[in-house]
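Excluded from the calculations below are hydrogen atoms, water molecules and symmetry mates; all remaining heavy atoms, backbone and side chain alike, are included.
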Amino acid sequence: SQKIEQNSEALNIQEGKTATLTCNYTNYSPAYLQWYRQDPGRGPVFLLLIRENEKEKRKERLKVTFDTTLKQSLFHITASQPADSATYLCAPYNFNKFYFGSGTKLNVKP
Amino acid sequence: GAVVSQHPSWVICKSGTSVKIECRSLDFQATTMFWYRQFPKQSLMLMATSNEGSKATYEQGVEKDKFLINHASLTLSTLTVTSAHPEDSSFYICSASGTSDYEQYFGPGTRLTVT
């Protein structure tokens, strides 16, 4: 069955630094992969989508890479701010559905 | 655009009763809606996928007789938790997609507590 792995340990970084989050998946080949932000007690908010034929996608301070050979996506936030503190979920798309990783909690300290 | 609402945002019910949660797409027509549940500090687990006018497709291990899903229109899907028990207490979130299957928009979630 599909397996999606995100670092379960919280990532603590200093304001202004670049945060890098990792998403690894096994046992399938998603055509798309999405990243979401989730704040406590709230539904996920869509951030970026990247297709399998795209190596990299950018949106403002966000950058996503998608390596279908390594079966990995990296999510970067540059010039991080305390307001970026949240849990970030990756969701590879397969068989008309998205399956979510467990998320990585990012803490940006001022 | 692409706003999804859920109602209620939280509900407390007694064991054995049924609870209905509504999911609405406010500014677009949702051909497909998804229902997820999330336990504390865990990921979203897909429960079922519903298409307007047809029966929902449930994920393995999800009891369809316990979690009744109705997708009556292109803007409304409901999840009814029947004969709720304390172990059904969770955060239930819906999402909706329109013309593009790979774009989905999430509701704010419903916190269900069964006492």
Side-chain angles (χ1 to χ4, degrees), chain A residues 1-10 21-25 27-54 57 59 64 66 73 86-107, chain B residues 1-10 21 23-26 28 30-51 54 56-62 90-113:
Chain A
S1 61
Q2 302 96 331
K3 191 175 180 182
I4 304 160
E5 292 181 334
Q6 292 186 257
N7 194 337
S8 58
E9 292 184 12
L21 308 176
T22 304
C23 173
N24 295 298
Y25 57 92
N27 297 333
Y28 68 128
S29 299
Y32 308 94
L33 189 147
Q34 292 187 339
W35 282 88
Y36 289 82
R37 167 186 174 137
Q38 187 175 26
D39 291 288
R42 308 291 296 273
V45 174
F46 170 76
L47 295 176
L48 278 171
L49 176 148
I50 187 166
R51 295 173 172 77
E52 61 177 342
N53 61 350
E54 296 177 316
K57 198 81 168 278
K59 180 182 178 183
V64 171
F66 193 8
S73 176
T87 296
Y88 291 86
L89 308 171
C90 76
Y93 176 77
N94 196 41
F95 301 121
N96 299 322
K97 302 172 189 174
F98 285 96
Y99 294 95
F100 284 81
S102 55
T104 298
K105 192 173 191 308
L106 173 66
N107 295 313
Chain B
V3 178
V4 176
S5 69
Q6 276 184 248
H7 179 79
S9 55
W10 60 271
I21 302 171
C23 177
R24 292 181 186 272
S25 57
L26 299 184
F28 68 104
T31 52
T32 306
M33 287 187 170
F34 304 87
W35 286 95
Y36 297 83
R37 64 188 298 182
Q38 186 177 33
F39 293 106
K41 296 187 179 181
Q42 293 188 25
S43 186
L44 283 78
M45 297 300 297
L46 180 65
M47 299 175 66
T49 303
S50 74
N51 293 294
S54 61
T57 302
Y58 290 81
E59 293 298 298
Q60 192 172 6
V62 177
S90 187
F91 192 50
Y92 291 87
I93 309 173
C94 73
S95 70
S97 64
T99 55
S100 298
D101 289 340
Y102 51 81
E103 293 181 3
Q104 58 174 337
Y105 305 95
F106 283 84
T110 297
R111 173 75 59 193
L112 170 63
T113 302

With a 4.5 angstrom heavy-atom cut-off, could you sort out which part of A/Gln38 is near chain B: side chain, backbone, both or neither?
-> side chain

Under 4.5 Å from a heavy atom of chain A, the part of B/Glu59 involved | side chain

Using the test ring-ring contact (aromatic ring centres under 6.0 Å, His included), find all partners of B/Tyr92 that sit at least two apart in sequence or belong to another chain.
-> none

For the student: nearest non-hydrogen atoms of B/Gln38 and B/Ile93, plus distance | OE1-CD1, 3.8 Å

Proximal component of B/Leu44, with respect to chain A [non-hydrogen, under 4.5 Å] = both

Quick check, are the ring centers of A/Phe100 and B/Phe106 under 6.0 angstrom apart?
-> yes

Between the side chains of B/Gln104 and A/Gln34, does any donor sit under 3.5 Å from an acceptor?
-> no

